[in-house]
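To start, the structure under review is shown below, and the notes come after it.
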Amino acid sequence: MTSAATRSFRPRSFRLGRYRGLIIALIVFALLLLLNNMMSPGPMSYFEFSFMSTGGATLAIAAAGQTLVILTGGFDLSAGAVISLVNVLLATNMPDTPMGIFLWSLAGIGVGMVIGAFNGLFIAFFRLQPIVVTLSTMFITQGLTLLVLDKPGGMVPAGLSEALVYDAIPNVLPMPVVVLGILILLWLWLKNTRFGTSVYAIGSDMDAARAQGIRVRWVQFMVYVLAGGCYGFAGVFVSAQTGAGDPLVGNSMLLQVFGAVVVGGTVLGGGRGGAVGSIVGAYILMIVVNILLVLNVSAYYSTITEGCILILAVMAGALGRNAPAARGLRRFFSRLKARNAGMLPGQGSRPAQRLVLPGIGGGRVAGALPPFTVRHAETIRYALPAYVCFVLVVLMTQFVTGNALFHGGYYNSLLVLSSFLLVLALGQGTVILTGGLDLSVPWTIALCGILLAGIVNGQNGPLIYTLPLVLAIGCVIGLVNGFGITMLGISPIVMTLAMNGILQGVALLYSQGTPAGFSSPLMRWFMTSKAEFVTPVVIFILLFVVAAVVLHKRTAFGRRIYALGNGERVSALSGINVNRTTMLVYTLSGFCSALVGCMLTGFSGQASLGMGDEYLLPSIAVVVVGGTLITGGRGSYVGMVGGVLLLTALQTLLAGTMLPYATRIIIFGLVVLAAVVALRERDS
Amino acid sequence: MTPLKGALRLGLAFALGATIMLQGATAQAADKFKIFLSMSFIGNDWQAEAANMVKAMAAHPSMAEKVDLQVQVAGPNAQRQIQQINAMVQAGAQAIVIFPISPTALNAAVKNACDKGVLVFAYDAEITEPCAYNISIDQEEAGRVTAEWLVKKLDGKGNIVAITGVPGTSVDTLRTKAAKEVFAKHPDIKIVAEAVGMWSQATARTELSKILATRSWDDIDGLWMQVGCFTANAMQLEAGKKPEELLACAGEGSNGGRIQMLPIGTAVEGGEMPYAPLGAPRISYASPPYSGGYALKLAVQKLEGKDVPHRITLPLPIVTNETIKYCETGSWEEMKAGCNAFPPALVPNPGWFASIFSPETPEIGFQGALVGQPEL
């Protein structure tokens, strides 16, 4: 009592624990730097220092912006696309006069802020889910970028590089360090303003923040605007660094931005962390490139090494007595002790005492149930928009191509093409319902496909043992993900991202860079034959959908998933084994990815590296477009099916037109956005 | 301060590991040229094959004593490749052989490397910085020649489907633009559908399936693809077409496609439908994967003091049904005599690129592209 009271009297006291994420990131960075220096031929020169500071700056600036969004519990996928757009705008427009350079740099930041405002508008005021809004923005921005510049080119005046990249004080201080220094000062100032406090408050507990009188929506809006400004500035910086335009320059940075934020100690979900950590995180990710070089890590091992470094860096941030890993271990031992002593609840001989609730369990009166539409009002409410949009797209396809609505082949093709995402949606969707995310989908698909094709090698016979083997491998991958997330306490994004890198390395090592083998005739028949009335996979996928709905709605496992997504602690206190359920959920996702790997191999006739890459973002998009909440707890597989049908039909429609690619992805983004606008919560 | 202690332990482990590896690294020979290979993404057939050929070149007896080659992967991210180039310069590189992720974004880093006396040789794709050496084919020519072939094959009349590469890259834009210019000259040639194929057989299949959801093969007279003819032929067979009815297809130089070009009945070792001789009407072109190995050879020549031009345009490897020829063993002499399709038994992956022959590189051949072993 007294100690609590004294502590509350000095709230400003400097507690190191609060900065643990940042401190660990700094230590890891220092160690990597030391390692790099030990291994390099000479001591670090000013030039090396200068290059290193330039190399990581773009990522650091973008990561600082992303940090703000993540601190409020949001998510911004548009970061990379904005960087590309600003880069091509500057490369095509910036005049070579000091005033022109200055104004266009501001314009670049402004463009980022406008896109951020677009995001913020839909997220804060329309209350849409950040992940879909920013995904749509990402597509639209990528389309705009290609309209500005369809291939690398253009010129950025040297004056910009002189201002941002060269030396501030020759041979002492490179300019990027100054830029980042200013950014850090701005952040430290911002953090201690009312606005900064609000950001943390919203991320910790939005309802409590609102109750405290914080204007939650306004703060959320501003956060996206500021983040957009950071991406815009990152775009300006990358232009200064490269001196030219490339419409793809930022797109591949997206995952690294998240990596930098998480390595820097910011917690996904909001409330804890800070931009300084993310800046350090960015440099950790960049120096890994140097480390791989000085250690001469073979090309095939580099993604494995990176994945391990990512996991180690994050785990280092969670060392100590209260780390999830330590807690898990303690719990395990105490359970073991209890088991030996025969004190586990399951070991008792007492008969289970079940609560008897009136009206349930006994004979149900048919008339007492409300009608179907009322019982499933929520499911219908959130699933309907996707289906309505789907019907519109089919009608549109009929209008454009004149060969869809009454053409059996159209629906057959649509279902075959949808089958991959329908399976993935079950895995990814279940993970998302529990509040997680599975980024290991792409290389689980590829590795399983490659293994299958390699072992089967065109024969039907080996399928009997290969198919179960490959699916089991998928399950094991998912189980390892689940183990890392529950027992080691690694955040789902980091764990599955690292797993994805590790699997990529394994796939490369196994195939030695060129996957061999074919799918068997049976698999090809299953996925592509048109001899029968429908392609066999269509029948399979219909059964799969029914089974998935039953799994979600009619099994104890299904109910646990929803419980977990609504509140982990509440679920645990209700007697749900949270860890086991989480592991099962990721195992299911691994299984689904493996199944898709097998299906894709049958469909294409062979497996290829990177065959799963194009399924990651769609697998998330269909889940959310289908009405599922990205933070978990709400949504239904029925809705996800609608999401899959909508997106596949839309892509089919666009493939039937002669619109340029840039226009297609803009339309794609707009339709996804329109679908979720219809999902908007209407209350309050 | 438990977390700090934990981190310290972690650091100790790191340092220990480093010292062990350090002892291994210092034993390098000092009299060899130190050359680095910076690859982009290794997750596709072409990249892996090109890397094999660079490794084979470095392992050839004429090179092995001169060259100390280290291979690094940058992934799809230009930022990382910039960092990698800088790190290679710091590590004392004398030459950097590179598959550039972007023709423009690397310029500043490449310029700096040149200023430090490091040679930069780019293969396949291009670096616009003038101090770099570029070894590649003429992409516009590739687009033009293949489009002209298709127009001629269709007698200047018909509906075609175009499957392009990765949008936003120079290679894709140049090829597609050149091809469309040719098609525009023939008003009776109509592009009825166009899709992005990402230079992947798997994507080509998904995109073609989408197009065919609302269209039938009978509405299409010809195909212009950057990658995907092999898949398109397979799909036509699945749809019930006979091999004689396959559509004319201008596309990639994969071995699967080359084998399909052989007349029906040609005896080939291994392979089964659709990786089999079909007499498919084709023109097959590709960026040749030997360009990386050739770049390494030129880099060594330049380091030895020879003159090397800054731009080397490789001859466009074109194979049509008239010039297709089966290789029995794939020996260098056989390739020199003009064979250009390899036995499926030896090349189990139909996506493997078959344009591996150059008279300039007798050091590397079939084994080089397959497993990274030089010719002896």
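By convention in this document, chain letters (A, B, ...) are assigned in the order of the sequence lines, proteins followed by strands, and residues within each chain are numbered from 1.
A distance of 7.5 Å separates CG of A:Leu59 from CD of B:Gln79, quoted to the nearest 0.5 Å. Summarising the geometry, atom OG1 belonging to B:Thr104 is positioned 7.5 Å from atom CG belonging to A:Asn87; distances are rounded to the nearest 0.5 Å. Interatomic distance, B:Gln260 CD to B:Leu237 CG, rounded to the nearest 0.5 Å: 7.5 Å.
Within 6.0 Å of NZ on B:Lys177 lie no more than 12 heavy atoms contributed by other residues, nucleotides or ligands. By the neighbour-count criterion of 12 heavy atoms within 6.0 Å, atom CZ of A:Phe47 is sparsely surrounded, having that number or fewer from other residues, nucleotides or ligands.
Only the side chain of B:Thr173 comes within less than 4.5 Å of a heavy atom in chain A; its backbone stays farther off. Proximity to chain B (any heavy atom under 4.5 Å) is restricted, for A:Asp613, to the side chain, taken from C-beta onward. Contacts of A:Ile287 with chain B are made by backbone atoms alone, with heavy-atom separations under 4.5 Å and no side-chain atom involved. Heavy-atom distances place the side chain of A:Phe518, and not its backbone, under 4.5 Å from chain B. Both the backbone and the side chain of A:Gln651 come within less than 4.5 Å of a heavy atom of chain B. Contact annotation for B:Met88: both backbone and side-chain heavy atoms come within less than 4.5 Å of a heavy atom of chain A. The parts of A:Leu293 that come within reach of chain B are both its backbone and its side chain, each placing non-hydrogen atoms under 4.5 angstrom from that chain. Residue contact with chain A, scored on non-hydrogen atoms closer than 4.5 Å, involves the side chain of B:Phe230 exclusively. A:Leu292 touches chain B through backbone and side chain together, each having a heavy atom under 4.5 Å away. Heavy atoms of A:Thr648 lying under 4.5 Å from chain B are absent altogether. A:Met253 touches chain B through backbone and side chain together, each having a heavy atom under 4.5 Å away. In this structure, chain B has a heavy atom under 4.5 Å from the backbone of A:Val297, while its side chain stays farther away. Interface remark: A:Gln241 contributes backbone and side-chain atoms alike to the contact with chain B (heavy atom separation under 4.5 Å). Interface remark: B:Asn77 contributes backbone and side-chain atoms alike to the contact with chain A (heavy atom separation under 4.5 Å). For chain B, the nearby parts of A:Glu48 are the backbone and the side chain; heavy atoms of each come within less than 4.5 Å.
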Test log, rule side chain to side chain contact (heavy atoms under 4.5 Å, CB included), inputs A:Tyr411 and A:Leu405 | CA-CA 8 Å; A:Tyr411 297 103; A:Leu405 209 49; 3.6 Å; yes
Apply the test side chain to side chain contact (heavy atoms under 4.5 Å, CB included) to residues B:Phe36 and B:Gln84: give CA-CA distance (whole Å), side-chain angles for both, the deciding distance (0.1 Å), then the verdict.
-> CA-CA 10 Å; B:Phe36 286 87; B:Gln84 202 165 65; over 6 Å; no
Take B:Val54 and B:Met39, measure what side chain to side chain contact (heavy atoms under 4.5 Å, CB included) needs, and give me the verdict at the end.
-> CA-CA 11 Å; B:Val54 179; B:Met39 294 171 62; over 6 Å; no
Test side-chain hydrogen bond (donor to acceptor under 3.5 Å, both in side chains) on B:Ser38 and B:Gln81 and set out the steps.
-> CA-CA 7 Å; B:Ser38 170; B:Gln81 201 165 32; 3.1 Å; yes
Working for side chain to side chain contact (heavy atoms under 4.5 Å, CB included), residues B:Val89 and B:Ile96 = CA-CA 8 Å; B:Val89 172; B:Ile96 298 173; 4.2 Å; yes
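Looking only at heavy-atom pairs under 4.5 Å with chain B, the residue among A:Val156, A:Asn457, A:Thr401, A:Leu285 that has the most is A:Thr401. With respect to chain A, the highest number of heavy-atom pairs below 4.5 Å among B:Ser102, B:Gly240, B:Ala91, B:Ala234 belongs to B:Ser102. Chain B forms the most heavy-atom pairs under 4.5 Å with one residue out of A:Ser239, A:Pro247, A:Gly656, A:Pro152, and that residue is A:Pro152. Contact tally against chain A (heavy-atom pairs below 4.5 Å) for B:Pro348, B:Ala108, B:Ser170, B:Pro103: the top residue is B:Ser170. Of the residues considered (A:Met52, A:Arg664, A:Met611), A:Arg664 shows the highest number of contacts with chain B, using heavy-atom pairs under 4.5 Å. No other option in B:Leu370, B:Thr128, B:Asn112 has as many heavy-atom pairs under 4.5 Å with chain A as B:Asn112. Counting heavy-atom pairs under 4.5 Å between each of B:Ala74, B:Pro76, B:Ser216, B:Ala78 and chain A puts B:Pro76 at the top. Between chain B and the residues A:Ser252, A:Ser413, A:Pro515, the most heavy-atom pairs under 4.5 angstrom are made by A:Ser252. Of the listed residues A:His407, A:Glu306, A:Met155, A:Gln398, the one with more heavy-atom pairs under 4.5 angstrom with chain B than any other is A:Glu306. Among A:Phe51, A:Tyr410, A:Tyr661, the residue with the largest count of heavy-atom pairs under 4.5 Å with chain B is A:Phe51. Counting heavy-atom pairs closer than 4.5 Å to chain A, the top residue among B:Pro350, B:Ala162, B:Pro274 is B:Pro350.
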What donor-acceptor contacts under 3.5 angstrom involve side-chain atoms of residues 191-202 of chain B, with partners at least two apart or in another chain?
from: B:Glu194; atom 1: OE1; to: B:Lys180; atom 2: NZ; distance (Å): 2.8
from: B:Glu194; atom 1: OE2; to: B:Lys180; atom 2: NZ; distance (Å): 3.2
from: B:Trp199; atom 1: NE1; to: B:Gln226; atom 2: OE1; distance (Å): 2.6
from: B:Ser200; atom 1: OG; to: B:Ala202; atom 2: N; distance (Å): 3.2
from: B:Ser200; atom 1: OG; to: B:Thr203; atom 2: N; distance (Å): 3.0
from: B:Ser200; atom 1: OG; to: B:Thr203; atom 2: OG1; distance (Å): 3.1
from: B:Gln201; atom 1: OE1; to: B:Thr231; atom 2: N; distance (Å): 3.4
from: B:Gln201; atom 1: OE1; to: B:Thr231; atom 2: OG1; distance (Å): 2.6
from: B:Gln201; atom 1: NE2; to: B:Glu252; atom 2: OE2; distance (Å): 3.0

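Ring orientation note: the planes of B:Trp46 and B:Phe99 are tilted relative to one another, at an angle of 30° to 60°.
Looking at residues two or more places apart in sequence or on another chain, you find a side-chain contact (heavy atoms from CB on, under 4.5 Å) between A:Ser520 and A:Val456, A:Asn460, A:Leu463, A:Leu522, A:Met523.
Minimum interatomic distance between A:Ala282 and A:Gly56 (heavy atoms only, all atoms of both residues): CB-O, 4.2 Å.
Put simply, the side chain of B:Gln83 gets close to the backbone of A:Met286: a donor and an acceptor are under 3.5 Å apart.
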